[in-house]
Amino acid sequence: MINESIIIMRFEWLISLMIVVLFILNLMGVDKKPERFMNIVNVMLIINFVAGFIPIKDGYLFQGFYHTTALIVLEKNILNLGLLLIAFSAKQWIIESKRPAEFFMLMFSSVLGMYVMLSSGHILVLYLGLELSSLPLAALAAFNTDSRKSSEAGVKYILSSAFSTGITLFGISLLYGAVGNLGFDAIIQHIHEDALTLTAFVFILAGFSFKMSIVPFHMWTADVFEGAPTPVTNYLAVVSKGSVIFIFITVLYTVFGKLENAWLLAISVLSVMSMTVGNIFALRQQNLKRFLAFSSIAQVGFVLVGIAGASNMGTDSVVYFLVIYLLSNIALFSIVEAISDETGKVTISDYKGLYKSNPFYAIIFTVALFSLAGVPPTAGFFGKLFLLTSGMGSGMYVLLGFATINLVLSLYTYLRVVKAMFIDKEEERMPIIKKSLLTNFVLAVCLIGIIVLGFAGVFYQYIDSISSQL
Amino acid sequence: MNILSLLILIPLLTVVGILLVKSDQLIRKITLAGSALQVIFASWLTAQYVSLRHAGATAQMLFESSRVWFRPLGINYHIGVDGISLVMILLTAVVVLAGVLVSWKIEKQVKEFFFMLLLLSVGAYGFFISLNLFSMFFFLELAVIPKYLLIGIWGTGKKENNAMKLALMLMTGSALVFLGIVGLYFASGWFGGEHTWDIMKLSHMHLPMNVQVILYFLTFIGFGVFTGMFPFHTWAPDGHSSAPTAASMFLAGISMKLGGYGLLRVATYLMPDAAREYSWIFIILATIAIFYGALATLMQKDLKYMNAYSSVSHVGFVVLGVAMITKVAFAGAVLQMVSHGIMTALFFAAIGMIYDRAHTRMSNELGGVLKQMPFIGTVFIIAGLTSLGLPGFSGFVSEMTVFVGSWVHTGIFYRVATILAAASIVITAVYILRATGFAIWGTITRKEYALLKDASWNERWAAVILIVGIVLIGLAPFLFMHLINADVQEIFNHLHAG
C-alpha cells in the first residue's frame with residue numbers, strides 16, 4: 001500500500017520533497033548565496049521534469065479520492081515544463097530579489113496544489129487543491145514588497161480569489177444537497193438535471209470562471225498581471241490558468257457530463273464574451289503586460305470553443321492548444337521580463353523599432369504572437385483551428401461565427417505589436433539587451449516547440465490515444 | 001520522397017541558404033538561383049506530366065502521394081497535380097523569378113525581403129499541389145502574413161493602413177474558407193460516412209442541397225475575397241498602391257490566383273449542385289466587377305491604382321468563367337488566370353521601373369518620360385496591349401475563351417452578362433491608350449527626365465521572361481489548352497453528373 005501510494009503519487013511526493021529540501025537549504029543558509037542556490041533549484045527542477053516521464057500505471061488511492069491516468073500524467077508533465085521554463089527565465093530576477101527560497105517555496109506549494117487538484121477524484125480534494133494552488137499565488141503577486149502596484153496586485157488577487165472560492169463552496173454545498181455525495185463517481189451516477197443541481201453547477205462554473213479569468217469574471221486579471229512581478233505573471237497566465245482549464249474539462253465532461261445540454265449554451269456565451277472582450281480591450285492597451293492579460297482572456301475564450309465540442313476532440317484540442325499557449329506565452333513574458341529588467345520599458349510604443357536594436361527578441365516575440373494569433377507555420381495555427389473544428393462538432397454555429405470574427409480581430413490586435421517592432425520608427429533608442437544564457441535557452445526551446453509542434457502530428461495522436469482511453 | 005514535394009523544398013532550402021549567409025549580394029544570388037531552379041523544375045515536371053499522359057496515365061491526379069499529418073483528425077499531407085494545378089505552378093515559378101529579378105536593387109533589409117518573398121511562394125506552391133483541404137488552407141494562410149510585412153516594411157505611401165486592410169480582409173476571406181472546409185469535414189461524416197478533408201474523396205460524396213448551398217457561399221465568397229471579387233475588392237487597389245514592386249507582382253500575379261483556383265477546385269467542384277443552382281449570383285457580381293473595375297480605372301491617375309483596378313476587372317473574367325459552368329468557360333478562366341498573372345506582373349514591373357526613375361506614378365506627370373527609356377516603354381506598351389486584349393498576346397485568347405464559353409448559355413441573362421463583360425474591353429482600351437499616350441508620346445515635362453537611364457540587366461531579364469510567357473500563350477494557346485483540357489472536362493462532367 002505504501003509502495004503503491006509512493007509510486008502513484010510520485011509527482012506530489014517529488015514536489016513535496018523539493019519543498020523540504022528548500023527548507024533545509026534555507027536553514028543551512030545556502031540561499032544567502034543566490035547564484036548557487038539557483039543552480040541547485042534548477043537541477044532539482046530538471047530532475048523533477050525528467051522524472052515525470054517515467055511511466056506510471058493508472059490507479060486509485062484512498063477509495064477514489066485520488067486517481068491518476070495517462071492523461072493526468074501528461075497534464076502534470078506539461079505543467080512541469082512550464083514551471084521549469086519559467087524558473088529558468090526568471091533566474092536573474094530571482095537572484096536580485098534576494099529571497100529565492102521564499103519564492104520557490106511559494107511556487108512549489110502552488111504547484112503541489114495543482115497536482116492534487118488534477119488528480120482529485122472527489123470535489124473536496126479538488127477544492128483543497130484549488131485553494132492550495134491559489135493562496136501562495138497571492139503572496140507571489142505581492143512579492144515585490146517595496147512596490148505599491150505589486151502589493152495592490154496581491155490584495156486584488158486574494159480578494160477576488162477568496163470571493164470566487166466562497167461562490168464555489170456554496171455551489172459545492174448545493175451540489176451535495178442535490179446528489180448526496182461528492183465523489184466524482186457517485187455524482188456521475190446520481191446527477192440529473194433539476195433546478196437545484198443546475199444552481200449548484202452555475203455557482204461552481206462561476207468559481208472556475210474566476211480562476212480562468214473568463215469574462216465577466218475577469219476584472220482582476222489585468223491589474224494583477226500588471227502589478228505582479230513578471231515571472232509571477234508568467235506563472236499566473238500559463239501554469240495556473242492551464243491547470244484550472246485541465247481540471248475544468250475533466251469536471252465538465254465527466255462529472256457534469258449528463259448536464260451537457262445545459263452547459264453547452266453557458267459555455268458558448270462565456271466563450272463569445274471572453275473572446276470579444278479580450279480582443280477588443282487588448283486593442284486599447286499600451287502596457288504589454290496588460291495587453292497579454294487581455295490576450296490571455298481572449299485565448300481562454302477560444303479554449304472554451306474547443307471545450308464546447310463536448311467530445312474526445314475537445315479534450316485533444318484543448319490539451320494540444322494549451323501546450324502551444326504555454327510555450328508562446330512563456331516566450332512573450334520572458335522577453336518582456338528581460339527587457340523590463342534591463343530598461344524598465346514595458347509599453348508597446350517602447351518596443352518600436354525593436355527589430356533594429358534586438359532582432360533576436362523581436363523575431364521570437366513575433367513568432368510567439370503569430371502563434372497566439374493562429375498564423376501558419378506556427379503551431380498556434382493548428383492549435384486554434386483544431387479548437388474551432390472541435391467546436392463545430394457540437395453544431396454551435398453561432399459560436400463558431402463569433403469565433404471566426406474573433407480570429408480576425410485577434411490578428412489585428414497582435415499585428416499592432418508586430419507593426420511596432422518591425423515597421424514603426426523607434427522613438428528612443430532601445431539599448432541592446434544583454435542576453436543571459438538561460439533566457440536564451442528558454443526562448444530557443446519555445447521557438448523550436450512553436451514551430452515543430454505543428455508538424456508533429458505524432459504528439460496530437462498521442463494525446464488522442466490517451467484521452468480516448470478514458 | 002515524392003517528387004512534387006520538391007516544389008516546396010526548393011524554396012525552403014533557398015530560405016535556409018539565405019539565412020545562413022551574410023552578404024547581400026550572395027543572398028540575391030542564392031534567391032535567384034533558387035527561383036531559376038524552380039522554373040526549370042516546374043518545366044521539367046510539366047514535360048514529365050505530358051509524357052505520362054501520353055503513355056496513357058488516366059488517373060485524375062498524377063504524382064500523387066499522401067502522408068499522415070494529424071491522424072485523429074484525418075489531416076494528411078496529400079499532394080498531386082493535374083493540368084490545371086500545373087499551369088498555376090508554372091505561372092507561380094515564372095512570376096517569382098521575375099519578381100526576384102525586379103527586386104535586385106532593393107537595399108533595405110535584403111535578407112528579410114527575400115525571406116518573405118520565398119515564404120509567400122512556398123504558400124502558393126503548397127496551395128496548388130494540396131489535395132487535402134486542411135493542408136491547402138494551411139498554405140493559403142501561409143501566404144497572407146508575408147504580404148502584410150512586405151507592404152508594411154518596404155512599401156510606400158499609407159503603407160501601414162493599407163497593409164493592415166489587406167491582411168484583415170484576406171484573413172476574413174480565409175476565415176470564411178475555413179468555416180466552409182470545416183463544414184465539409186463534418187458534412188462528409190454526417191452524409192458521406194467518413195470524416196474527411198480529402199478533395200478526391202469529397203468529390204465522390206453527394207451532400208444534401210441545403211448543406212451544399214451554405215458551404216458553396218462560404219467558400220465562394222471566402223476565395224472571392226482573395227480574387228478581389230466585387231464588393232470585396234477594396235483591399236486590392238490600396239494594397240497594390242503601397243506595395244513594393246515585387247509584392248505587387250506577387251499579389252496580383254499569384255495571390256489573386258489562389259482565390260481563382262480555390263473557386264474552381266473547392267467551391268465549384270465540391271459543391272456541384274449548389275454551383276449549378278446559385279452561380280448566377282456570382283455572374284452578376286463578376287459582371288459588376290468587370291465593368292466597375294474598368295470604369296474605376298478610367299478615373300485613376302496613379303498608374304498602380306490604375307493597374308490594380310484593372311486587375312479587379314480582369315480577375316472578374318476568372319470569376320465569370322468559373323460561375324458560367326461551361327467547359328469552355330472553365331478553360332477560359334484557367335487561361336485568364338495564367339494570362340492575367342503574367343500580364344499584370346509585367347505591368348507592375350514596368351510601373352515599378354518607371355517609379356524608381358521618375359519618382360512619380362501619376363500618369364499626367366510622366367509626360368514623355370518613356371522616350372528616354374525605350375526598353376521600359378516597350379514593356380509598358382506590351383503590357384498595356386495585352387491588357388486591352390490585342391490578338392497575338394495572351395489576354396485576347398483567354399478573354400475570348402471566356403466569352404465563347406459564356407455564349408454557350410442561351411438565356412437572356414447570360415447573354416447580357418457576356419455582352420456587358422465584352423463591352424468593358426472598350427473601356428480598357430480607353431484607359432490603356434490614354435495612359436500610354438500620356439507617358440510615351442507626350443512632351444517631356446520635366447528637365448530631370450532627360451537624364452533617366454533605361455532598364456538595367458535584371459529588369460530586362462525579368463521583362464523578357466514575362467513577355468515570352470505572354471507571347472507563348474497568345475500564339476500557341478493550344479499548348480496550354482492541351483494541358484488543361486482533360487481536367488476541365490472532368491470538372492465539367494462532375495458538375496453535370498448529378
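To find a chain, count down the sequence lines: A is the first, B the second, and so on, and within it residues start at 1. Because only heavy atoms are used, hydrogens play no part in the values below, and waters and symmetry mates are left out as well, while side chains stay in. This one's a predicted model, so the numbers in the text were calculated from it and none came from an experiment.
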Quick one: does [X]'s side chain get under 4.5 Å of [Y]'s, heavy atoms only?
| X | Y | value |
| --- | --- | --- |
| A:Leu388 | B:Leu179 | no |
| B:Leu73 | A:Met313 | yes |
| B:Phe220 | B:Val266 | no |
| A:Phe370 | A:Pro377 | no |
| A:Leu411 | B:Ile145 | yes |

Approximate separation, where rounding is to 0.5 Å, of B:Leu184 CG and B:Phe191 CZ
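Between B:Leu184 CG and B:Phe191 CZ, I get 11.5 Å after rounding to 0.5 Å.
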If you measure from CG on A:Leu443 to CD1 on A:Ile364, what distance do you get to the nearest 0.5 Å?
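Reported value, rounded in 0.5 Å steps: 4.5 Å.
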Tell me, out of B:Phe137, B:Phe139, B:Phe178, who's got the most heavy-atom pairs with chain A below 4.5 Å.
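Between B:Phe137, B:Phe139, B:Phe178, the count favours B:Phe178.
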For chain A, which of B:Val182, B:Leu168, B:Ile153 has the most heavy-atom pairs under 4.5 Å?
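The option with the most such pairs is B:Leu168.
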For the candidates A:Gly401, A:Ala456, A:Gly454, which exhibits the highest count of non-hydrogen atom pairs separated by less than 4.5 Å from chain B?
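Highest number of pairs under 4.5 Å: A:Gly454.
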Based on non-hydrogen pairs under 4.5 Å, which of A:Ile405, A:Leu407, A:Val375, A:Leu409 is most in contact with chain B?
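Most heavy-atom pairs within the cutoff with chain B belong to A:Val375.
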Please look at [X] and chain A and tell me whether the side chain, the backbone, both or neither of the residue comes under 4.5 angstrom of a heavy atom of that chain.
| X | value |
| --- | --- |
| B:Ala167 | both |
| B:Leu149 | side chain |
| B:Leu119 | neither |
| B:Phe186 | side chain |

I'd like to know whether the aromatic ring centres of A:Phe321 and A:Phe386 sit less than 6.0 Å apart in this structure.
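No, they do not, as the ring centres are separated by 6.0 Å or more.
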ring-ring contact (aromatic ring centres under 6.0 Å, His included) between B:Phe232 and B:Phe226, intermediate numbers included
CA-CA 8 Å; B:Phe232 312 106; B:Phe226 277 81; over 10 Å; no
Chain B contact via A:Ile463 - side chain, backbone, both or neither, heavy atoms under 4.5 Å:
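Neither part.
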Counting backbone as well as side chains, what donor-acceptor pairs lie under 3.5 Å between chain B and chain A?
unit_1: B:Trp69; atom_1: NE1; unit_2: A:Gly454; atom_2: O; d: 3.2
unit_1: B:Glu112; atom_1: OE2; unit_2: A:Tyr355; atom_2: OH; d: 2.1

Is it true that a side-chain atom of B:Ser23 and a backbone atom of B:Leu26 form a donor plus acceptor pair closer than 3.5 Å?
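Checked: pair present.
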